[in-house]
Each structure stands twice: as C-alpha cells, then as structure tokens.
Protein chains: 2
Amino acid sequence: MSQDEAGVDLNTSLGYLLKEASVALRSAMEEVLRPLGMTITHYSCLELLAQRPGLSNSELARGTFVTRQSMNVLLQSLERDGFVTRPAEAPVGKVLPTQLTASGRRSLEKATVAVRSVEERMLSGMSDAERAVAFVALSSMIHSLKDR
Amino acid sequence: MSQDEAGVDLNTSLGYLLKEASVALRSAMEEVLRPLGMTITHYSCLELLAQRPGLSNSELARGTFVTRQSMNVLLQSLERDGFVTRPAEAPVGKVLPTQLTASGRRSLEKATVAVRSVEERMLSGMSDAERAVAFVALSSMIHSLKDR
DNA sequence: TGACTCATGTCAGTAGTATGACATAGATTG
DNA sequence: CAATCTATGTCATACTACTGACATGAGTCA
C-alpha cells in the first residue's frame, strides 16, 4: 500500500498525520453540509450561538478559528438570510450581541444531525480509553503550540 | 480558565479539538515560514520532492492535501522562480516528473529547520508512549473517515 | 482629567485554494 | 480491435479567508 511506499519521515511525522486527519474531517463535514447549503464555519457559528447565545462577532470568530473580519462577513449574510439577529446599536461599547432566530435554530438542527454522524464515524473503532488519550494528546499539542 | 467556562459539548468534542490543534499547527508553521517567503503548501511540496524525486503534479497534490489544480498553479510559480524543473514534454503519457533544483534544495533546508522546531515544540511535554498512542489514534480517525 | 493602550466592528484589497470544464494518454473490457 | 473508463495536465472562474487599515469605545495610569 501507499503507506509502505511512503518515506519513513512522512509516516513518523505527527504533524503530517494531524494535517491528514483534519483534512479528512473537513472533507467529510463539507460533504454532509453541502446539501444543506452550509459551510463548516457557517455551521460552527450557529452551533456556538446555540450553546452560548449573545456572543459577539469577535468571540464567535475566536470560537470558530477564523478572523473577526471573516466572521463579520459571514454574520452579515446570516443576518440577511434571517438566521441570526443583532441589535442596530450596541447596548454597551461597540459589542453587538448575536442571537439565533427560530429559522436559524431549525437550520442548525438538520446540520447537527449530519455532523454528529461524521464525528461518530470518525470515532468508530476507538475505545473510550483511546478517545481519552487522544483528547489528552491533542490538548497537550495545542497548549505547547499556543504557549507563545 | 476558558475550559471551565466553555460548554461541555465543546470540550468533549474530539472533532473540535482536532480542528483547534490543526489551526494551532498551521498558524505556528505559517509564522516561521512567512519570513522565508513560503506558504505551507509551498514548503510541503519541496519537502515531498526532496524525499521522493520525480513526483508528478497530481501525486504532489495528493501528498500535500490540495487539488491538482492548486498544485499546478504552485508548480508553475516554483518553476518560474527556479526551485523546480519539469521536462517540456512528458516521457510517457501526460505525466511530468518534477525535480528539485539546487536552488530549491537550498531554500528547503532553511525551511526544514524552522518547521522542525515547530514540530518539536508541539511534541514537547509528550512522552514517547504518548506520541505513539496519538499516532495510533490519529491513524484510526483518518482510516474511519476515508473509508468512504 | 488627559494620554495611552487595547479590543471591537467594519471596509477594502489580496492570496490561496476550490470547482467546473476540456483535451488527451493509458488501462480495461467486451 | 473498438469502446469505455480512469487519470492526468491545464485553463478559466469563483469563493473563502486573510492582511491591512481606519474609526471608535472602554479600561489603565500618570
């Protein structure tokens, strides 16, 4: 198979494997979200708002791993399409708290089912113990990388 | 900390963690490659060519997780800048085997040092055993996701 | 209080990558 | 052998997210 043909460095590189895994996950998610007319960031934004209503543009950006400029563009389209609402002017400062509309919540429900099935497929074949160590390992990598 | 504040669903989602880790790795790599005038795909392409000379456009695309169209654009610029060479016409079929030039090899050397330091930082704080289980876990996720 | 720093929302421009489409070479199959 | 399928290289186009930049509000501190 291709794994035997590939150079050893590639196979021993956790960075390469991490990239491969994230690409595989992204592809799988795009595949199930595309029929619903959603991108991953689009879905992530709605999901985040469902769990933590009232989040601001910048907070949503951080939670979905995009810049606040990108999230701003997305929020404008979501607002135009009636999935979220923001007050015309900020209650305090410049921060505009965002809320899901009923339409946004309905749209999210379908997407959540689709995404959950992808995640379940990803984790199939892993025991609870294996999932736990994967969690710890990923957390460690994240912490080491972000720590400056 | 933010981990305590965040919703439980987020923290228990390995998919979310996987995305966070890959974003952290990508940012860290972009940070060290930018001063060298390289993107991640740019570096990955050179690295792959160093390990497996003569790879075609499509093979490089698969190895770096982009489409063959994107890789084609990149290869044209790499060829224009003298980092790689391709024969004017295909020895067999339509496949054009690509080779690193001396200039490309020199350029790659600096990048390799920078990227290796990032990977080492990512793995700092993980034992060999932890790295091994992370390897197995990621491999399992990849296999499950790609398996259709 | 006034100067400074930081975070936010937003606009404009750019870069990287993807999708769609086409022609062509090799492999497969009847 | 002819027809079909698969893979490749490439062009044109579109989209997603980024960087740069600006004005403004809030906290900090001398």
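Numbered from 1 within each chain, the chains take letters A, B, ... in sequence-line order.
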B:Arg62 side-chain N/O to D:dT8 phosphate OP1/OP2 under 4.0 Å: yes
Scanning both residues in full, the closest heavy-atom pair of B:Cys45 with B:Leu74 reads CB-CD2, 4.1 Å
Taken to the nearest whole Å, CG/B:Leu96 to P/C:dT24 is 16 Å
Taking any heavy-atom pair under 4.0 Å as a contact, classify B:Ser70: base, sugar-phosphate, or nothing. base
The criterion is side-chain contact (heavy atoms from CB on, under 4.5 Å); which residues satisfy it with A:Leu96, sequence neighbours excluded? A:Arg86, A:Pro87, A:Ala90
Rounded to whole angstroms, how far apart are NZ on A:Lys94 and C1' on C:dC11? 12 Å
For D:dT10 and B:Asn72 - does any side-chain N or O of the residue sit under 4.0 Å from the phosphate oxygens OP1/OP2? yes
Both A:Arg34 and A:Gln76 contact DNA chain C. Taking the nearest nucleotide for each, which residue is further toward the 5' end? A:Gln76
Please state whether the phosphate of D:dT16, meaning OP1 or OP2, lies under 4.0 angstrom from any side-chain nitrogen or oxygen of A:Thr39. no
For A:Glu30 and A:Arg26, run salt bridge (Lys or Arg N to Asp or Glu O under 4.0 Å): C-alpha distance rounded to whole Å, both residues' side-chain angles, the deciding distance at 0.1 Å, then the answer. CA-CA 6 Å; A:Glu30 282 172 350; A:Arg26 178 164 56 81; 3.7 Å; yes
With nearest nucleotide decided by heavy atoms, which residue, A:Met71 or B:Arg86, maps closer to the 5′ end of DNA chain D? B:Arg86
Would you tell me if any nitrogen or oxygen in the side chain of A:Thr67 comes within less than 4.0 Å of OP1 or OP2 on D:dT19? no
Which whole-number value in Å describes the distance from A:Glu30 CD to D:dC15 P? 15 Å
Examine C:dT17: is either OP1 or OP2 under 4.0 Å from a nitrogen or oxygen in the side chain of B:Thr41? Give yes or no. yes
Taking any heavy-atom pair under 4.0 Å as a contact, classify A:Gln69: base, sugar-phosphate, or nothing. base
Could you tell me the separation between the CG atom of A:Leu78 and the P atom of D:dT16, rounded to a whole number of Å? 12 Å
Using a heavy-atom cut-off of under 4.0 Å over every strand shown, decide if B:Leu74 touches base, sugar-phosphate, or nothing. nothing
What is the distance, rounded to the nearest whole Å, between atom CZ of B:Arg68 and atom P of C:dT19? 11 Å
B:Asn57 CG - C:dA25 P separation (whole Å): 17 Å
Decide salt bridge (Lys or Arg N to Asp or Glu O under 4.0 Å) for A:Glu59 and A:Arg68; before the verdict, give the C-alpha distance in whole Å, the side-chain angles of both, and the deciding distance to 0.1 Å. CA-CA 8 Å; A:Glu59 288 168 329; A:Arg68 66 187 198 278; over 6 Å; no
For A:Phe65 and D:dA17, what is the distance between atoms CZ and P respectively, to the nearest whole Å? 14 Å
Minimum-distance nucleotide (side-chain atoms of A:Val92 versus D:dA26, C:dG26, C:dT17): D:dA26
Nearest heavy-atom pair of B:Leu49 and B:Thr98: which atoms, and what distance? CD2-O, 3.5 Å
How close or far is atom C1' of D:dA7 from atom CG of B:Leu55, stated in whole angstroms? 15 Å
